[in-house]
Amino acid sequence: MIQVKLPDNSIKEFENPLTILDVAKSISPSLAKATIAGKIDEDLKDVSYLIKNNCTLRLITEKDDEVLDIIRHSAAHLMAQAVKQLYPKAQVTIGPVIENGFYYDFSYERAFTPEDLVLIEKRMQDIVKSNIIVERKELSRKDAIEYFESIGEKYKVEIISAIPEDQTLSLYTQDDFTDLCRGPHVPSTSKLKAFKLTRLAGAYWRGDSNNEMLQRIYGTAWRTKEELDNYLNMLEEAKRRDHRLIGKNLDLFHQQDEAPGMIFWHPKGWAIWQEIEQLIRREIALDGYNEVKTPQIVDKSLWEKSGHWEMFGEGMFTTHSENRDYAIKPMNCPCHILIFNQGLKSYRDLPIRFSEFGSCHRNEPSGSLHGIMRVRNFTQDDGHIFCTEEQMQDEAAKFIDLVFRIYAKFGFTNVAVKLSTRPDKRVGDDSLWDNAEIALAKALEGKSLKYILQPGEGAFYGPKIEFALKDCLGREWQCGTLQLDFNMPGRLGATYVAEDGSKKTPVMLHRAVFGSLERFIGVLIEHYAGNLPLWLAPTQVAILNISEKQASYAFSVYNSLKNNGFRCELDLSNEKVGYKIREKTLQKIPYLIIIGDKEVENNTITLRRRDGEDMGQVMLNQLQELLGNELVN
RNA sequence: GCCGGUGUAGCUCAGUAGGUAGAGCAGCUGACUUGUAAUCAGAAGGUCGAGGGUUCAAUUCCUUUCGCCGGCACCA
């Protein structure tokens with residue numbers, strides 16, 4: 001007798017082993033039809049899975065969240081089947097599920113084209129219509145290798161060879177297509193109702209740039225057409241929010257061929273920058289930082305001592321003068337140590353906190369550049385804290401508070417925290433790394449912060465905590481960082497005199513709230529879709545007259561606001577007010593002031609908000625109060 | 001850096017089986033003096049990313065190169 005416990009805690013008893021589908025059938029035919037997989041105890045299984053022992057079972061239908069991964073994985077197989085039918089010479093490699101979809105990498109004699117994509121998707125639809133049964137079978141390694149060798153799929157053979165000997169291998173077959181896969185999968189292709197192939201790309205075999213480049217096709221798949229449409233709309237929305245587009249339309253900055261990866265900030269973009277920079281200045285002053293400024297170009301020997309030359313020499317811009325070689329600084333930390341090294345430091349001086357809006361250059365690979373998010377010249381809101389080992393945990397904790405405090409001022413409250421530990425390529429011995437990693441973990445645990453561990457992702461000189469903020473579309477942007485460094489101060493000869501009179505090497509914390517100001521502004525633009533809050537808006541108020549008659553009154557309103565520190569512009573152009581409103585609204589200016597004969601007569605202005613709300617007539621002093629109240633930062 | 005795509009007026013884009021290009025908007029000039037998301041008219045605006053080749057002739061074909069876009073790889 002087999003007992004199967006269902007989610008409502010009822011127990012069904014069966015005489016003989018039976019499949020998950022049989023259990024579903026025993027409940028109702030409609031449920032059997034809707035069942036896509038089953039969860040036996042904690043494992044997802046195909047509906048064909050044979051239940052032999054007592055277990056708990058939850059039937060997975062379209063309504064369950066678990067079904068998404070199954071659908072996406074099956075969609076990847078479906079795509080591979082379509083590709084093999086259309087292009088028999090293509091070899092399949094891997095096809096995993098990713099966020100929102102799936103991809104499959106193929107080895108093929110030529111690149112796929114957008115036209116191919118249309119054909120492939122069409123063929124996928126045909127296979128769905130034919131309602132092909134998806135069957136699972138298990139094979140020994142030897143048989144599996146033999147099978148894939150017989151059909152000429154050498155990548156699959158390579159994959160199987162890398163799978164541990166003791167693991168059972170399962171194959172999934174749908175009509176003429178068989179793939180190696182752990183599963184589970186949908187029972188038949190008709191379960192795949194909402195998918196779309198989204199893009200083509202090159203991708204290295206096994207993710208290694210030394211390997212052959214494969215043809216990757218990305219797709220997305222969902223439970224329903226509606227979910228698919230929602231996702232596609234989200235992609236469209238992301239396009240509309242693209243900082244490169246908004247940056248151009250709002251005249252914030254530009255980039256051009258002569259300076260790839262560099263930014264030309266226009267007055268409006270720079271106004272945003274300055275607001276942010278000043279805010280950080282105010283906030284870190286509260287936390288005891290002292291701002292410094294260090295040279296842009298420093299002798300190569302410093303970078304050799306710091307270890308950067310060996311590690312990142314390729315990525316540094318260099319120059320020379322009178323037989324000396326220099327590097328344009330890619331980081332500020334060595335220079336901050338040089339400031340620390342001036343004069344004798346006592347333990348009583350610690351912690352010392354230096355901050356710098358440091359303009360750094362890194363010769364990033366051309367293919368990695370992206371708008372203002374990934375550039376070759378960026379400005380770190382950098383800071384280095386020199387302290388004793390006893391102080392470092394408090395300093396780490398203090399910085400964590402600072403990060404959350406500043407993010408909140410920009411409306412970011414959803415922050416992911418990650419701890420990255422020692423990478424393969426690193427400096428310093430393991431005992432130093434042990435201490436550093438433990439200290440960071442303790443600082444996080446002291447704040448009861450949940451964090452994600454990222455083994456091997458640390459910097460070459462120390463482990464780090466990363467702060468990634470989530471924007472309104474749920475996208476994650478890594479910004480803040482806190483890195484503990486037991487190596488560089490020693491390499492560059494930093495010391496302080498301890499209580500016992502001995503010379504000791506301080507611990508250094510590298511830290512940045514935004515990492516790159518350029519990138520952060522890009523994130524802000526996309527998060528707000530250009531509708532920046534009043535305090536950040538490059539132009540806060542635009543004053544529009546109805547006709548020439550009110551020009552001088554409008555000008556006096558403009559002057560009054562300007563003299564009170566508001567960023568405003570006056571539009572006396574010879575256009576209809578509807579035209580001016582449209583123009584200024586497209587510029588995403590938070591407030592529009594409209595001035596006609598009525599306003600002149602009553603000594604008022606009429607206020608219209610960016611979202612279109614007409615706020616009626618207000619007195620000028622009321623306006624300043626209203627705007628002032630909104631500028632809480 | 002790698003794979004693929006792409007580069008035409010300030011912007012968004014059309015176009016040429018090879019015969020040196022066209023629209024809308026913006027800008028300019030003029031008229032209109034305007035009440036909450038585009039008033040009308042006129043004139044003007046381009047080494048078709050850059051270099052080389054084929055050709056009587058190249059923006060178009062070939063080639064090199066640069067930038068940009070989508071991924072991959074990288075990211076102190």
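Atom set for the values below is all heavy atoms of this structure, side chains included, hydrogens, waters and symmetry mates excluded. Everything numeric in this text was worked out from a predicted model, so none of it was measured.
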For [X], report the nucleic acid contact type (base, sugar-phosphate, nothing); a contact means any heavy atom under 4.0 Å.
X: A:Lys549; value: sugar-phosphate
X: A:Gly307; value: nothing
X: A:Arg244; value: sugar-phosphate
X: A:Asn249; value: nothing
X: A:Ser547; value: base

Throw together a table of side-chain donor-acceptor distances under 3.5 angstrom for residues 478-490 of chain A, partners on residues two or more places apart or in other chains.
| from | atom 1 | to | atom 2 | distance (Å) |
| --- | --- | --- | --- | --- |
| A:Gln478 | NE2 | A:Gly480 | O | 2.9 |
| A:Thr481 | OG1 | A:Gln483 | NE2 | 3.1 |
| A:Gln483 | OE1 | A:Tyr461 | OH | 2.6 |
| A:Asp485 | OD1 | A:Asn487 | N | 2.7 |
| A:Asp485 | OD1 | A:Met488 | N | 2.9 |
| A:Asp485 | OD2 | A:His510 | NE2 | 2.8 |
| A:Asn487 | ND2 | A:Val427 | O | 3.1 |
| A:Asn487 | ND2 | A:Tyr461 | O | 2.9 |

Worksheet item: Stem ranges for RNA chain B, with three or more consecutive Watson-Crick or G-U pairs under 3.5 Å?
Response: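 Output for stems: B:1-7 with B:66-72, B:10-13 with B:22-25, B:28-31 with B:39-42, B:49-53 with B:61-65.
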Worksheet item: For residues 90-108 of chain A, which residues have at least one heavy atom under 4.0 Å from RNA chain B?
Response: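 Under 4.0 Å from RNA chain B: no residue of residues 90-108 of chain A.
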Discussion item. When you measure from the side-chain N and O atoms of A:His254 to the phosphate of B:G10, is any distance below 4.0 Å, counting only OP1 and OP2?
Written reply: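 No, A:His254 has no side-chain N/O under 4.0 Å of OP1/OP2 on B:G10.
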Table of protein N/O atoms under 3.5 Å from nucleotides 2-5 of chain B N/O atoms:
| from | atom 1 | to | atom 2 | distance (Å) |
| --- | --- | --- | --- | --- |
| B:C2 | O4' | A:Tyr204 | OH | 3.3 |

Worksheet item: What orientation do A:His73 and A:His77 show, parallel under 30°, tilted 30 to 60°, or perpendicular over 60°?
Response: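 Taking A:His77 first and then A:His73, their aromatic rings stand perpendicular (interplane angle over 60°).
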Practice prompt. Could you measure between the two C1' atoms, the one in B:C3 and the one in B:A17, and give it in whole Å?
Written response: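 It comes out at 31 Å once rounded to the nearest Å.
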Worksheet entry | Within 45° cone and under 6.0 Å: A:Arg199 NZ/CZ vs A:Tyr218 ring |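 Cation-pi check for A:Arg199 and A:Tyr218: passes.
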Could you state the [atom1]-[atom2] distance from [X] to [N], rounded to the nearest angstrom?
X: A:Asn487; N: B:A76; atom1: CG; atom2: P; value: 15 Å
X: A:His266; N: B:C11; atom1: NE2; atom2: P; value: 11 Å
X: A:Phe264; N: B:G10; atom1: CZ; atom2: C1'; value: 17 Å

List every contact pair, protein side and nucleotides 12-14 of chain B side both N or O, where the distance is under 3.5 Å.
| from | atom 1 | to | atom 2 | distance (Å) |
| --- | --- | --- | --- | --- |
| B:U12 | OP1 | A:Lys248 | NZ | 3.1 |

Worksheet item: Which pairs, with at least one residue in residues 240-249 of chain A and sequence neighbours excluded, count as a salt bridge (charged side-chain N to carboxylate O under 4.0 Å, His left out)?
Response: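 Sorted pair list: A:Glu237-A:Arg240, A:Glu237-A:Arg241, A:Asp242-A:Arg244.
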Discussion item. By nearest heavy atom, map A:Asp597 and A:Phe312 onto RNA chain B; which one lands nearer the 5' end?
Written reply: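 So the residue in question is A:Asp597.
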Fill in: 5'-most by nearest nucleotide on RNA chain B - A:His308 or A:Ile546
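Nearest nucleotide further toward 5': that of A:Ile546.
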